[in-house]
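When reading the values below, keep in mind they use all heavy atoms of this one structure, side chains included, and skip hydrogens, waters and symmetry mates.
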Amino acid sequence: MRIEASAAFTSSRPLFRLFIFLFFIPGFHARNLQQCSSSCGDLTNISYPFRLQGDPAGCGDVDFQLSCQNNTAILNFRGGKYYVKGISYDKRTIRVVDVNLAHGTCGLPYKSLSMSEATEDSRFPSLITFWQANFVNCSNTIPELTDSKVPCLSGGTSHVYVNFSNINLFGYEIPRNCKVISRIPTSSENEMNYPYNETTLKLLATGFDLRWSVECRNCHTFGRSCVYESNNDPRIFQCETMYEEDYKTLLTAVIAYLVSRSLIDKALLVRFILAPLVVFVFLLHKCLTTRKKVGNAEHVGELQMLPKPIPCSPQGHTRNLPSDSPKQVLIAASIERSA
């Protein structure tokens, strides 16, 4: 039992270190940085995690950096520019408004932003709104949308209308000669279909609220999903829990990766090291064998070229007989017998 507990503790050490890094260190860092505060125009007490561009390096989080232009704090978000109207550290929200709509004048947003696009940023995981304004451009006049026509953007063959919806408009919801040219979230939580007048301009100038979360940003940094426990404010975000099945899936993936890497390494070893070595040994063996055969053949040739002994007659005189004469063979045999 102790062995199993020890093994479980050992296997959980990396996760424990990750837990410490994700939750303890950011919290400790936050406590050290909350002493810093800045102000820009009417926005005072800009503190952790927010900071102003140009603040000391130890203040705030660079991912939550704001700029101050003409005594107005600006948030660069999803390619757009937004005036910051207020930050709530209790509810963990920030109220922003598109720079083109902030003064209640007629016009399009600086950058189109749908509600779904607004929540794709891990720093701001959710909105406090359920309705967005859709600016629709049509080539012909739409009689039933006359009250929603945007006069400053319409003229000639261009007729721009504003429509409010709780989701992005689908193609079948828009007339064939129309297309959505811009979107922007609003602060309204109730269904509405206002005509384009001062009420609509005031609503757009109010902006919308984003929920901010350092914890959610940290979760996405380490490839984890971000969730919240309840719908109550302040909404506390945290990393999604990894279950045993997730660990098994991750372990299987790691083992498969290591096996594949091992096979690849072995294939490379055989291909570029062992195979050339085998070929070299084979060629060397063949070369040495060939040289040995050539040497033996030369030695046999030299022996065949040596002069053969000439047999003698019984009286000690030699006879000039051809080397291949049968008589020579018979004489030599008789000499041996007599001896």
Side-chain angles (χ1 to χ4, degrees), residues 38 40-43 46 49-55 60-88 91-137 148 150 152-153 158 160-169 174 179-189 192 194 196 200-214 216-217 220-221 226 237:
S38 305
C40 178
D42 295 334
L43 188 65
I46 301 174
F50 294 95
R51 55 172 276 128
L52 282 179
Q53 186 177 6
D55 279 350
D61 191 315
V62 292
D63 286 342
F64 294 84
Q65 180 168 277
L66 309 174
S67 61
C68 187
Q69 302 177 14
N70 299 322
N71 287 327
T72 304
I74 295 178
L75 171 68
N76 293 305
F77 176 65
R78 304 291 295 174
K81 291 184 178 181
Y82 300 87
Y83 291 139
V84 180
K85 304 190 69 174
I87 301 175
S88 173
K91 295 183 179 181
R92 298 192 176 189
T93 61
I94 179 172
R95 171 65 66 92
V96 297
V97 57
D98 186 279
V99 294
N100 285 1
L101 306 175
H103 303 293
T105 56
C106 179
L108 285 175
Y110 177 87
K111 175 73 166 58
S112 177
L113 179 72
S114 67
M115 292 189 299
S116 59
E117 291 171 337
T119 57
E120 291 176 356
D121 193 307
S122 60
R123 301 171 300 169
F124 307 99
S126 72
L127 285 162
I128 305 180
T129 182
F130 299 95
W131 294 90
Q132 68 184 22
N134 307 293
F135 292 84
V136 183
N137 185 21
S148 301
V150 183
C152 67
L153 301 176
S158 179
V160 178
Y161 304 91
V162 63
N163 167 271
F164 295 91
S165 65
N166 58 356
I167 57 174
N168 291 337
L169 296 178
I174 306 172
K179 64 178 181 179
V180 178
I181 57 176
S182 189
R183 303 180 180 92
I184 196 71
T186 68
S187 58
S188 176
E189 298 183 9
M192 57 188 181
Y194 300 143
Y196 191 83
T200 301
L201 292 175
K202 184 178 180 179
L203 174 66
L204 296 176
T206 303
F208 56 94
D209 291 313
L210 290 166
R211 289 187 175 94
W212 53 267
S213 173
V214 178
C216 193
R217 188 278 311 270
H220 283 269
T221 300
C226 182
F237 293 87

Checklist entry - Where is the tightest heavy-atom contact between Pro109 and Leu101, given as atom of each residue plus distance? => result CG-CD1, 4.0 Å

Item to check | Gap separating the OH atom of Tyr83 from the CG atom of Leu75, nearest 0.5 angstrom | outcome: 13.0 Å

Checklist entry - Which heavy atom in Ile174 sits nearest to a heavy atom in Lys179, and how many Å separate them? => result CG2-N, 4.2 Å

Item to check | Minimum side-chain heavy-atom gap Tyr110-Ile184 below 4.5 Å | outcome: no

Item to check | Thr206 versus Ser187, closest heavy-atom pair with distance | outcome: CG2-OG, 3.5 Å

Checklist entry - Could you go step by step and tell me if Val180 and Phe135 meet the side chain to side chain contact (heavy atoms under 4.5 Å, CB included) rule? => result CA-CA 6 Å; Val180 178; Phe135 292 84; over 6 Å; no

Checklist entry - Gln132 and Asn168: side-chain donor and acceptor closer than 3.5 Å? => result yes

Checklist outcome for this item: Pro185 and Phe208 have their tightest heavy-atom pair at O-CD2, 3.5 Å

Next on the checklist: Looking only at the side chains, is there a donor atom on one of Ser122 and Arg217 sitting less than 3.5 Å from an acceptor on the other?
Outcome noted: no

Item to check | Atom pair CD/CZ of Gln65 and Phe50 - distance to nearest 0.5 Å | outcome: 12.0 Å

Checklist entry - Between Leu113 and Phe77, is any pair of side-chain heavy atoms under 4.5 Å apart? => result yes

Item to check | Spatial distance of atom CD1 (Ile181) from atom CG (Leu108) [nearest 0.5 Å] | outcome: 4.5 Å

Next on the checklist: If you compare all heavy atoms of Ser112 against all heavy atoms of Glu117, which two are closest, and at what distance to 0.1 Å?
Outcome noted: O-OE1, 3.9 Å

Next on the checklist: Minimum heavy-atom separation for Leu43 and Ala73, please, with both atom names.
Outcome noted: CD2-CB, 3.5 Å

Checklist entry - Is there a donor-acceptor contact under 3.5 Å from the side chain of Thr186 to the main chain of Trp131? => result yes

Item to check | Ser114 vs Ser116, side-chain hydrogen bond (donor to acceptor under 3.5 Å, both in side chains): CA-CA, chis, key distance, verdict | outcome: CA-CA 5 Å; Ser114 67; Ser116 59; 3.1 Å; yes

Checklist entry - Do other residues, nucleotides or ligands put more than 12 heavy atoms under 6.0 Å from the NZ atom of Lys85? => result yes

Checklist entry - For Asp209 and Thr93, what are the C-alpha separation, side-chain angles and deciding distance, and is it a side-chain hydrogen bond (donor to acceptor under 3.5 Å, both in side chains)? => result CA-CA 6 Å; Asp209 291 313; Thr93 61; 5.0 Å; no

Next on the checklist: Quick check against the 3.5 Å criterion: does Asn70 have a side-chain atom that pairs as donor or acceptor with the backbone of Thr72?
Outcome noted: no

Item to check | Reported CZ-to-SG distance for the pair Phe124 and Cys216, which is rounded to 0.5 angstrom | outcome: 11.0 Å

